[in-house]
Amino acid sequence: MAVATALGSLGAVALGTFVVALLLQWLWNALVAVTRFRATCRQLNKFPIPPWRSWVLGHTGMGQSTEEGLQQVDSLVARYRHGCLWWGLPWLPVLRLFHPSTLRPLLSASAFVAPKDKIFYGFLKPWLGEGLLLSGGERWARHRRLLTPAFHGDVLRNYLGIFNQSTRVLLAKWGAAAAAAAAGAGGGPVELEVLQPLSLLTLDTLQKCIFSHESHCQERPSEYIQAILELSSLVVRRQFRPLLHPWWLYRLSSDGRRFARACATVHTFTADVVQRRRRALTCLGHQARLGGHQGHRMDFIDLLLLSKDENGHTLSDEDIAAEAETFMFEGHDTTASGLAWLFYNLAGHPEHQERCRQEVQELLAGRDTADIEWEDLSQLPFTTMCIKESLRLHPPVTAVSRRCTEDIPLRDGRVIPKGVICLMSIYGTHHNPDLWPEPEVFNPLRFSPENSKGRSPSSFIPFSAGPRNCIGQSFAMAEMKVVVALTLSRFVLRRDTARPPPRRKPELILRAEDGLWLLLEPLLAVA
């Protein structure tokens, strides 16, 4: 009995000691966290703070993904030219940056030092996996090296035929709609919403370039395409519903179940393609596979299956699927948004539209084919200036975020503390009057060679910049040039003056609340 009592006492003492140790450890961690947070606040206090709701709420609820939200960014940039501090909550500081002086150190930092913030990007992970958009560290660096050859000019050259083919499908649909409108209303242009069909166009080209798959999604429904469109919509909806941010709650919701079903559809399609190509590669052998593609176009999956790093290691099927799905996600909506706003800007500036049209007509004069070829892309200087100015005025992605793993010193002596979310405002930078006089004016000549001299590369960042810039930017620019050139060779674009200006809506990409509606008239009818 005495022994049992002694053992019980020892156990109680041990338990008490353990609890006290845990409490002391918790108190120490809390003290360290508070001390670190106070040091971070001292560094952040050197950045200007816009008026807020209260010291408890900070700026919570003051930022919106609406037209008014973008106008608020304009006001912030006009007052705080380089950046400002935004308190999402009393413990969640966000640095909003609008100028090369504050952006450049982050953009030039390695992916190890300035990884992407995971608060929002994490919503995409069940869909995109560990592709380039979401991965970090050595994994990202290795994949970036392996994927870079897939976006070389010699590879992109072979995609031009696809860009031309898919664009002609869209223009044929628009031509039929214009003909029907002319027959029914006695002539005149047809009014069409352009962003949705342009999204289908870019999805069509990507399926052909990535998978060599003819989905015909511009002409009939595709389960795979519908799943991608639904996933994009669901991610945006979740962003604005804080109660659904925790995964365990989201999985129980109707949106979460729809998200899981759409993910399964996309993953099944991609995995099937990768596995079939892997089996074919194994049967034929590496060299035979390479030889079999000589003179023929290799798609994205082929290139990834054949890629090897410096140690001879290849990508796994899961890696390839993640990169393919990332390319589909990043490549369709962004390019479609860029094209839609380009058409809108050209429709509002007929003098610039006509100059682009003349450039295209002179290029195609006397040819047997009206296709845009690889060599033609460098022969469209004014059209390229218009594309760049539209990407400045209406960037498809309005902001990207980073959360640094170490302090980042700025040239003026201030420091961006590690662990703080940095919202690099692409829209704000592109509308900064210190960088772009009269930033709301559409003026393609900003990008003429003489006007571009001496301009900081960080002033124009529609594809981000630095080590983590968009790997597919040459692909996107080539596709945009083909689509706009062929469209202007067939149609005149006008704005409907009876409609109010579109209300911009920044989501995953820059949209318009009720779509982007334009008047399209066949060029022959105008002549």
Side-chain angles (χ1 to χ4, degrees), residues 127-129 131-133 147 149-151 155-173 196-232 261-284 289-290 292-307 315-336 339 371 471-472 475-476 478-479 482-483:
W127 172 14
L128 304 181
L132 275 185
L133 180 66
L147 265 66
F151 294 93
V155 174
L156 299 183
R157 170 193 298 268
N158 295 319
Y159 293 147
L160 265 286
I162 291 174
F163 297 162
N164 281 277
Q165 177 191 6
S166 295
T167 304
R168 293 199 183 284
V169 172
L170 174 63
L171 298 182
K173 289 173 63 179
Q196 191 269 345
L198 286 169
S199 290
L200 290 177
L201 162 65
T202 55
L203 285 166
D204 188 23
T205 60
L206 283 168
Q207 279 221 293
K208 294 171 183 174
C209 295
I210 296 174
F211 303 113
S212 294
H213 179 70
E214 293 280 353
S215 69
H216 302 287
C217 65
Q218 296 191 78
E219 300 149 291
R220 58 174 184 259
S222 160
E223 184 184 19
Y224 173 79
I225 297 302
Q226 287 306 121
I228 288 179
L229 295 173
E230 184 171 34
L231 286 169
S232 298
R261 287 194 297 270
C263 275
T265 298
V266 170
H267 293 163
T268 299
F269 175 88
T270 306
D272 181 60
V273 173
V274 174
Q275 288 165 14
R276 282 191 284 108
R277 298 290 185 81
R278 177 78 74 183
R279 288 194 295 269
L281 179 62
T282 303
C283 292
L284 289 174
R289 181 78 164 166
L290 277 174
H293 277 88
Q294 288 178 359
H296 302 281
R297 180 182 59 80
M298 295 179 68
D299 64 29
F300 190 66
I301 296 293
D302 288 325
L303 291 164
L304 296 193
L305 282 167
L306 294 169
S307 64
L315 292 168
S316 68
D317 287 0
E318 292 75 16
D319 290 338
I320 294 172
E323 298 301 352
E325 286 161 6
T326 296
F327 191 14
M328 283 293 297
F329 164 72
E330 289 198 279
H332 84 274
D333 257 359
T334 50
T335 305
L339 281 166
D371 280 359
I471 195 172
F475 181 101
E479 184 173 12
V482 170
V483 175

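- At least one donor-acceptor pair under 3.5 Å links the side chain of His267 to the backbone N or O of Trp127.
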Could you go step by step and tell me if Glu479 and Cys209 meet the side-chain contact (heavy atoms from CB on, under 4.5 Å) rule? CA-CA 12 Å; Glu479 184 173 12; Cys209 295; over 6 Å; no

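- When all heavy atoms are compared, the tightest approach of Ser307 to Leu315 is OG-CD1, 3.9 Å.
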Assess the residue pair Ile225 and Gln207 against the criterion (side-chain contact (heavy atoms from CB on, under 4.5 Å)); give the C-alpha distance rounded to whole Å, side-chain angles, the decisive distance to 0.1 Å, and a yes or no. CA-CA 9 Å; Ile225 297 302; Gln207 279 221 293; 3.9 Å; yes

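- Closest heavy-atom contact between Thr335 and Ala476: OG1-CB, 3.8 Å.
- Contact annotation: the side chain of Ile210 never approaches that of Val273 to less than 4.5 Å [non-hydrogen atoms, C-beta and beyond].
- Using a 4.5 Å cut-off on side-chain heavy atoms (C-beta onward), Ser222 and His213 make no contact.
- Checking side-chain atoms of Thr268 against main-chain N and O of Thr265 turns up no donor-acceptor pair under 3.5 Å.
- Side-chain contact between Asp371 and Arg168 is present, with heavy atoms from C-beta onward closer than 4.5 Å.
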With side-chain contact (heavy atoms from CB on, under 4.5 Å) as the criterion, how do Gln165 and Thr205 come out once you've worked through the C-alpha distance, each side chain's angles and the decisive distance to 0.1 Å? CA-CA 9 Å; Gln165 177 191 6; Thr205 60; over 6 Å; no

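- Looking only at distances, a side-chain donor or acceptor of Glu323 sits under 3.5 Å from a matching main-chain atom of Leu132.
- The closest side-chain heavy-atom distance from Asp302 to Asp299 is below 4.5 Å.
- Considering only heavy atoms from C-beta on, Pro149 stays 4.5 Å or farther from Val155 through its side chain.
- Residues satisfying the side-chain contact (heavy atoms from CB on, under 4.5 Å) criterion with Thr270, sequence neighbours excluded, are Phe211, Tyr224, Val266, Val274, Ala321, Ala324, Glu325.
- Between Leu206 and Phe475 there is a side-chain heavy-atom pair separated by less than 4.5 Å.
- One distance of note links CG of Leu304 with CZ of Arg278; it measures 10.0 Å at 0.5 Å rounding.
- The line from OG1 of Thr167 to CG of Leu201 is 5.0 Å long, rounded to the nearest 0.5 Å.
- The shortest heavy-atom contact between Ser215 and Arg220 is O-NE, 4.5 Å.
- Note that CG of Leu306 and CD1 of Ile301 are 11.5 Å apart. Values are rounded to the nearest 0.5 Å.
- At distances below 3.5 Å, not a single donor-acceptor pair connects side-chain atoms of Asp204 with backbone N or O atoms of Leu200.
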Checking side-chain contact (heavy atoms from CB on, under 4.5 Å) for the pair Glu330/Leu128: CA distance, chi angles, key distance, verdict? CA-CA 10 Å; Glu330 289 198 279; Leu128 304 181; 5.9 Å; no

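- Under a 3.5 Å cut-off, the side chain of Thr202 and the backbone N or O of Ser199 do form a donor-acceptor pair.
- Under the 6.0 Å cut-off for aromatic ring centres, Phe151 and Phe327 qualify, their centroids lying closer than that.
- Shown here is Glu223, whose CD atom has no more than 12 heavy atoms of other residues, nucleotides or ligands within 6.0 Å.
- Of the possible donor and acceptor atoms, one in the side chain of Lys173 sits under 3.5 Å from a partner among the backbone N and O of Gln218.
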